[in-house]
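See below for the structure under consideration.
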Number of protein chains: 2
Amino acid sequence: MDQLDRKIIAALRVNGRATYADLGRSVGLSASSVHERVGKLEAAGVITGYHATVDPSTVGLGVTALVGIHPTDTATDEDVAAALGELAEVESCYAVAGDEAFVVKVRVPTVDELEHTLGRLRRIPGVGRTNTTVVLSTRFESRPNNAGLDEEPAPGA
Amino acid sequence: MDQLDRKIIAALRVNGRATYADLGRSVGLSASSVHERVGKLEAAGVITGYHATVDPSTVGLGVTALVGIHPTDTATDEDVAAALGELAEVESCYAVAGDEAFVVKVRVPTVDELEHTLGRLRRIPGVGRTNTTVVLSTRFESRPNNAGLDEEPAPGA
DNA sequence: CGTGAAATTTTAACTTT
DNA sequence: AAAGTTAAAATTTCACG
């Protein structure tokens with residue numbers, strides 16, 4: 001991974017549909033060289049995918065909440081995480097340090113649906129108390145974070 | 001927005017680099033029809049962008065944390081949000097209900113850097129106490145959530 | 001890493017339903 | 001209006017130097 005790879009990655013984070021020709025013009029390489037580099041970055045697991053971003057409110061997902069999940073000792077974290085993954089409303093799932101085992105981000109159409117989703121969460125074996133924080137507005141989200149692309153990767157990455 | 005639009009959106013959430021020809025084959029339309037629909041979805045603000053997803057650990061961002069931010073009355077929420085947006089390490093920013101004004105997700109190379117970032121956060125006018133939850137592992141993140149695409153949008157979306 | 005070339009896709013104009 | 005057809009321009013993708 002050299003500086004050119006980092007530039008290509010940064011460009012693809014901003015515009016995941018940029019053509020190889022575009023990228024080549026941005027970084028000063030031929031389209032075929034960019035193509036080859038991107039293929040290697042994908043194969044190496046650096047670039048894990050490309051995804052369209054959708055305004056949630058336009059597709060009927062107007063309510064976002066962050067839910068802390070306290071564990072019970074009736075199931076392993078792995079089983080709980082797998083069960084959380086079964087719920088379509090759970091968009092992200094983090095295992096965390098502290099009193100809670102997980103923090104998840106859920107996205108649902110209405111607060112009514114949020115209530116139902118919380119009920120489903122609490123019915124998962126290994127899930128104890130939940131602590132829900134309702135999101136009032138998303139100021140920004142999943143922003144391209146190039147902090148790691150400006151310098152060399154930290155040792156042991 | 002009809003069922004075909006929803007299928008196109010779902011496909012682009014999974015693979016944001018799918019060609020219009022691919023999408024056409026998936027949904028049973030010609031490439032040019034898909035092209036026209038996608039253009040309208042972009043213009044309508046339904047599709048807001050396309051982004052490559054990168055494995056953070058491969059670019060030297062091995063530490064993730066969720067930070068709750070308690071407000072003081074020395075700045076408006078808008079000013080605090082703007083200041084948070086200036087920090088490259090802050091990837092997402094949610095204004096939330098409850099004791100905290102914001103919850104942000106930060107991504108940094110090391111715990112040392114996390115300490116520095118928390119210092120920068122606390123130095124922002126309007127930011128009081130912070131409450132940091134370190135992420136031990138990301139089970140899944142920003143998953144395509146098609147819950148809203150299966151049915152019609154909630155009224156008032 | 002670049003060049004060149006064939007296959008594919010993009011994109012707009014036009015036609016059809 | 002919405003979808004299909006056509007065709008020219010651009011891009012993708014691969015072999016080779």
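As the structure is a prediction and not an experimental result, all values here were calculated from the model. Per chain, numbering begins at 1; letters A, B, ... match sequence-line order.
Think of B/Val108 as one node in a network of Ile, Leu, Val, Met, Phe, Trp and Tyr side chains linked at under 4.5 Å; its network also takes in A/Phe140, B/Val63, B/Val67, B/Ile69, B/Val80, B/Leu84, B/Leu87, B/Val90, B/Phe102, B/Val104, B/Val106, B/Val111, B/Leu114, B/Leu118, B/Leu121, B/Ile124, B/Val127, B/Val134. Side-chain heavy-atom separations under 4.5 angstrom define the hydrophobic clusters, and A/Val14 shares its cluster with no other residue. Taking a 4.5 Å side-chain heavy-atom cut-off between Ile, Leu, Val, Met, Phe, Trp and Tyr, the cluster of A/Leu136 contains only that residue.
Using a 3.5 Å distance cut-off with no hydrogens or angles, the side chains of A/Asp55 and A/Ser57 do pair a donor with an acceptor.
Partner of B/Thr64 under the side-chain hydrogen bond (donor to acceptor under 3.5 Å, both in side chains) criterion, chosen from B/Glu91, B/Arg107, B/Glu141: B/Arg107.
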Check your understanding: If pairs are Watson-Crick or G-U with both distances under 3.5 Å, what is the dot-bracket string of DNA chain D, marking crossing pairs with [ ] and pairs to another strand with |?
Key -> ||||||||||||||||.
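For B/His35, the ring pair (Phe, Tyr, Trp, His ring centres under 6.0 Å) criterion is met by B/Tyr20, not counting sequence neighbours.
Put simply, the side chain of A/Ile47 does not reach to within 4.5 Å of the side chain of B/Thr53, judged on heavy atoms.
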Practice item. Please lay out, stage by stage, how B/Lys105 and B/Tyr94 fare under the test side chain to side chain contact (heavy atoms under 4.5 Å, CB included). Key: CA-CA 9 Å; B/Lys105 186 179 75 183; B/Tyr94 305 96; 5.6 Å; no
Check your understanding: How does each nucleotide of nucleotides 2-17 of chain D score, in 5' to 3' order, for protein heavy atoms under 4.0 Å: base (B), sugar-phosphate only (S), or none (-)?
Key -> SSBB-----SSBB---
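As rounded to whole Å, 13 Å separates atom P of C/dT11 from atom CG of B/Leu23.
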